[in-house]
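Letters go in sequence order (proteins before strands), and every chain restarts at 1.
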2 protein chains.
Amino acid sequence: MKKKITIKEIARELDVSISTVSKAMSNSSEISKDTIEKVQAFAKLYNYKPNNIALSLKNKKTKNIAVIIPEIVHHFFTLIISGIEKKANELGYNVIVCLSNESFDKEVINMETMANGQIDGFLLSLSKETLLKKDFHHLREVINQGMPLVMFDRTSDEIYCDKIIIDDARASYNAIQHLIYSGCQRIALITTADYISIGKLRTQGYVNALYDAGIELDENLIVKVDKVEELDEKVKHLFDTEKFDAVFGVNELYAVVAMREAHNRGFKIPQEMSFIGFSDGILSKYSYPTLTTVIQHGFEMGEKAAKMLIDRLETNDDESSFKTEVIKTSILERESTKPI
Amino acid sequence: MKKKITIKEIARELDVSISTVSKAMSNSSEISKDTIEKVQAFAKLYNYKPNNIALSLKNKKTKNIAVIIPEIVHHFFTLIISGIEKKANELGYNVIVCLSNESFDKEVINMETMANGQIDGFLLSLSKETLLKKDFHHLREVINQGMPLVMFDRTSDEIYCDKIIIDDARASYNAIQHLIYSGCQRIALITTADYISIGKLRTQGYVNALYDAGIELDENLIVKVDKVEELDEKVKHLFDTEKFDAVFGVNELYAVVAMREAHNRGFKIPQEMSFIGFSDGILSKYSYPTLTTVIQHGFEMGEKAAKMLIDRLETNDDESSFKTEVIKTSILERESTKPI
DNA sequence: TTGTATGCGTTATCAG
DNA sequence: CTGATAACGCATACAA
């Protein structure tokens, strides 16, 4: 078990000073060619690698960024992380992933521990609880400390920082329009509670699309699901009490579960009933029939978020005010909708 | 923008020495009650938090552990990470997630950068490429440096370290037995290339179960899929050329895709054809019909792996030889199989 | 061309 | 009870 070797040990072995070794390792022009070769050969032999912690302490930067997400068991977040990872690595940064589990407290703790030197900046998507409480003191704190923060997907207007979002209202509007163009008239909406900003925005798009098409809004066709456990029951209730020819789900799970129910009740899909889901994941791809979805381009979102944060990190130009970048969505037609 | 305050600044402001502040913060009995109160009040006011990097450098431990996985867009890995995160956080550790993207080089780079002081230990599931190359020098290196390594799921016999695995052969055996008991006779297997240890083991279990039941092995019923892109084609080919009454997929995707094909060809499920998949994810849960699966208990696996690593980290007792823990699997019956 | 000293933020040892 | 100093591993300004 040969422990890691340090500069100091190399210096002792080679009978030179620590700083000579340090300089030699970085090919400093101050050091003679001979010495450089000798030192580097020795270093290589003993597999010397500088200690990152020491470098972090000295340079006051860690080359780490933290991404805090509510849940990892979601295809969308998983795509975002992959995108973040890829871009961050390209630019020489490591990614530390923290899960808030939709809990405010966990989000705060995560941020506090990471903020104490572990990382150079944050990438954050707010937890449900935080969205509900509207308590953002922990965000303000890190921003005040001068630590860059980029929010993505689940953001808040109350915080000034860089943001990357999906144009949820527009995306939802487009999806509904798509259904209308394909001949649907009574479109049900399965959405989240309003405090989730994305749920609210997507509902907004639904309402606007109907309005613009001259279709009267029927509140009974809107189902709000707070917890996953309620989903089945609420969907069944919708089928029991209402008639409709299309369903728009604000995530793929909602749409797939509704589609399943329709299937069980003998509806022909998409002839008698069409379905569109939000966020393209494996569920949509492998459901039966396959589900038409709004693609959010999570991977690109992750890449852009990472880029945005690292740009902010590496430019002193603090003048430049905060940007909000909007990621375009697109609709991927599959079997659950009629062609237009 | 008030930057983070340090002990040194507190000392200066309060006109005491640095070491007094340090001791006061840790309620040392050496320090007078008055001073402790004064210091702590001031620290609280300025929201002092010790710098973790400095602590890491001093203590030679970071309280971070790294988990390196091949892919994050997999429900199983996602569950494992959640388990690791939970347990690690409970025990006071942060988790750094790195993705190898099934690439040997990326795996090596990830390990090398993390090993230089960033973390105290590794949790690792091997990439496909590493499994293929059988080049494990990077693992040996970190082990030699005295850094604990716990491998999970995709492991290698060539490396001595703690391991957590699924009893893949047994699990597969049980699944096939289940199919046989329910009346199936010609069971197709969709598996991965042999160099993936888990694919090999699961194939093994399939073979043994057939043998023990006195069913002759028909190589034509075994489909080996290397890349996801081949999946559709190979499944179709199977249906085109063979007759069978059940399919066992070594992951849920394989099973779901096969089930879909059966559905499209008009087979009644499970009456005419049964399906079991490995690894219980959302696909199985929301497929149509819902898929009977082998549950791998990924979350528990993650928890145990984290526990194992941290135990190793916190006990000096290096004597204790390496353990390999086997996680039990179970079968979750859903709609795609006949009751026994 | 090489070496010495200092500092990054903290704790621990030892002296006062 | 309080404070000075060394040490963790490294880089760098400055001295030789």
When you look at B:Lys106 and B:Glu71, which way does the salt bridge (Lys or Arg N to Asp or Glu O under 4.0 Å) test go after all the steps?
-> CA-CA 12 Å; B:Lys106 185 108 193 278; B:Glu71 260 287 3; over 6 Å; no
Kindly state each residue pair satisfying ring pair (Phe, Tyr, Trp, His ring centres under 6.0 Å) with at least one member in residues 106-155 of chain B, sequence neighbours excluded.
->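 For residues 106-155 of chain B: B:Phe104-B:His138.
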Tell me: [atom1] of [X] to [atom2] of [N], nearest whole Å?
X	N	atom1	atom2	result
B:Lys61	C:dT11	NZ	C1'	14 Å
A:Ile53	C:dG9	CD1	P	15 Å
A:Glu37	C:dT2	CD	P	12 Å
B:Lys49	C:dT11	NZ	C1'	20 Å
A:Lys38	C:dT2	NZ	P	8 Å

Under the side chain to side chain donor-acceptor pair (under 3.5 Å) rule, collect the residues that match up with B:Ser19, sequence neighbours excluded.
-> B:Ser17
Excluding sequence neighbours, so at least two apart, what forms side chain to side chain donor-acceptor pair (under 3.5 Å) with B:Thr35?
->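 Result, side chain to side chain donor-acceptor pair (under 3.5 Å) vs B:Thr35: B:Ser32.
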So, A:Thr130 and A:Glu107: side-chain donor and acceptor under 3.5 Å apart, yes or no?
->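 Looking only at side-chain atoms, A:Glu107 and A:Thr130 do form a donor-acceptor pair, the distance falling under 3.5 Å.
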Select from B:Thr35 and B:Lys60 the residue whose nearest nucleotide in DNA chain D is closer to the 5' end of that strand.
->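 Counting from the 5' end, the first nearest nucleotide belongs to B:Thr35.
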When B:Ile36 and A:Asn51 are each assigned the nearest nucleotide of DNA chain D, the 5'-most assignment goes to B:Ile36
Checking contacts here: which listed nucleotide ([options]) is nearest the side-chain heavy atoms of [X]?
X	options	value
B:Ala54	C:dT10, C:dT1, C:dC8	C:dT10
A:Thr6	C:dT10, D:dC10, D:dC8	D:dC10
A:Ser32	C:dT1, C:dC8, D:dT2	C:dT1

Could you pull out all residues at least two apart from B:Ile5 that satisfy side chain to side chain contact (heavy atoms under 4.5 Å, CB included)?
->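 Side chain to side chain contact (heavy atoms under 4.5 Å, CB included) list for B:Ile5, sorted by chain: B:Glu9, B:Ile10, B:Phe42, B:Tyr46, B:Tyr48.
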What one-letter contact string describes nucleotides 11-16 of chain D from 5' to 3', where B marks a base within less than 4.0 Å of any protein heavy atom, S marks contact via sugar-phosphate atoms alone, and - marks no contact?
-> BBBB--
Considering just the side-chain nitrogens and oxygens of B:Ser17, establish if one lies under 4.0 Å of OP1 or OP2 belonging to D:dG3.
->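 Answer yes for this pair, as a side-chain N or O of B:Ser17 is under 4.0 Å from OP1 or OP2.
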Contact under 4.0 Å: A:Lys33 side-chain N or O vs C:dT1 OP1/OP2 = no
So which pairs with a foot in residues 297-309 of chain B pass side-chain hydrogen bond (donor to acceptor under 3.5 Å, both in side chains), sequence neighbours left out?
-> B:Lys86-B:Glu303, B:His297-B:Ser330, B:Lys307-B:Asp311
